[in-house]
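Below: one structure, written as structure tokens.
Numbers for residues simply follow the sequence, beginning at 1.
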Amino acid sequence: MLRRSSETDAFWQAFRHSAGLEHDNYYYVVVGSFGDNPEMATKLADLVMAGTKRASASLARDYGEGREPVSRPGDLS
């Protein structure tokens, strides 16, 4: 996972503006991508943009105290 940066914050703000989101539920301290290489990340992101890929999963052990917070309904990451 990549650390959150001024570039990812700017990307989020541009997305909020274009999507008409009024909330700022972007609280994660890390930013990630799909897959384990740039080619796979691009292919999976294309599926998201096409509406084909609409969900992801992760391991429960990656969440909790000292780790990423568990997302709540309405959160975007």
Result block: side-chain N/O donor-acceptor pairs under 3.5 angstrom for residues 40-53, not counting sequence neighbours:
residue, atom, partner, partner atom, Å
T42, OG1, P38, O, 3.0
K53, NZ, A55, O, 2.8
K53, NZ, S56, OG, 3.3

Using side chain to side chain donor-acceptor pair (under 3.5 Å) as the criterion, list what pairs up with E39, not counting sequence neighbours.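 For E39 there are no side chain to side chain donor-acceptor pair (under 3.5 Å) partners, ignoring immediate neighbours.
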
Within 6.0 angstrom of R67 CZ, more than 12 heavy atoms from elsewhere: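 More than 12 within 6.0 Å, yes.
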
So which heavy atom on R16 is nearest to which on E22, and how close? NH2-O, 3.2 Å

